[in-house]
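Worksheet: the structure to be examined is printed underneath.
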Amino acid sequence: MKIICIGRNYTDHIAELKNEKPTEPVVFIKPDSSLLPKEQDFYIPEFSNDVHYEVEVLFKIKKVGKHIKASFAHTYYDEIGLGIDFTARDLQTTLKEKGLPWEKAKGFDGAAVIGEWLPKTNFKDLNDLSFDLKKNNEIVQSGNTGLMLWKVDELIAYVSTFFMLKKGDVLFTGTPAGVGKVAANDYLSGSLENKELFNVRIK
Ligand code: ZN
């Protein structure tokens, strides 16, 4: 499986990192080796002094497709989840300044947390889902999918013009404002519509 991530999809997060508002979705991929195994702690890698959490709503692709029309995109997923796009921000900043790819900053081992999946039929409107991330039991990020610059069906249409989607692929849809640094012994937990879908201990 591959993990397809969208960057800069929430205006408030674009502002906090002083990025330009994109005219097309920003897309990058994490390798399957970046998936943090279930129940495993997250170890801050030695090459970074500034690893950030980014909570994001996830969609699991259920069948093969390419050049998918936005109007058919909803037939490509049945499950919705929540996860973290861990980012070595110091490394990413250096790479961005040099115009180099971000993979080392975003695709390292353990950099993708994928929580429990829920059937999309649990929700009335996928473009009105509230979610949040707590650090040590205090809310540090909260968002709503209604605030995404590109909605999930538009994202699936867009990315499938470049990458064939396969069963089991996961789409990370971008993070709202409030990203921040993790430290050893932090405890992160993420909830979608007030249901906790993951928790992870930082080491
Ligand atoms: Zn992200």
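Each ligand, and each atom within it, is numbered from 1 in the order the structure gives. In what follows, every heavy atom counts, from backbone to side chain, and hydrogens, waters and symmetry copies are set aside.
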- Is the distance between the ring centroids of F172 and F59 less than 6.0 Å?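 Distance test on ring centres: not under 6.0 Å, no.
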- Message: For Y158 and F162, I'd like to know if the aromatic rings sit close, meaning centre-to-centre distance below 6.0 Å.
- Response: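 They qualify: ring centres under 6.0 Å apart.
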- Could you walk me through whether Y77 and D153 pass side chain to side chain donor-acceptor pair (under 3.5 Å), step by step? CA-CA 10 Å; Y77 58 85; D153 291 348; 2.7 Å; yes
- Query: Among the protein atoms near the Zn ion (ligand 1), how many are N, O or S and lie under 2.8 Å away?
  - Reply: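 That number is 3, waters not included.
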- Return the set of residues passing side-chain contact (heavy atoms from CB on, under 4.5 Å) with N49 (not counting sequence neighbours), or none when no residue passes.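 Checked N49 against side-chain contact (heavy atoms from CB on, under 4.5 Å); matches are D90.
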- Task: Show your working on side chain to side chain donor-acceptor pair (under 3.5 Å) between K66 and S160 and close with a plain yes or no.
- Result: CA-CA 5 Å; K66 58 196 290 186; S160 72; over 6 Å; no
- Is the charged tip of K106 near the ring of F86: under 6.0 Å from the six-membered ring centre and within 45° of its axis?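 The answer is no; the distance or angle limit is not met.
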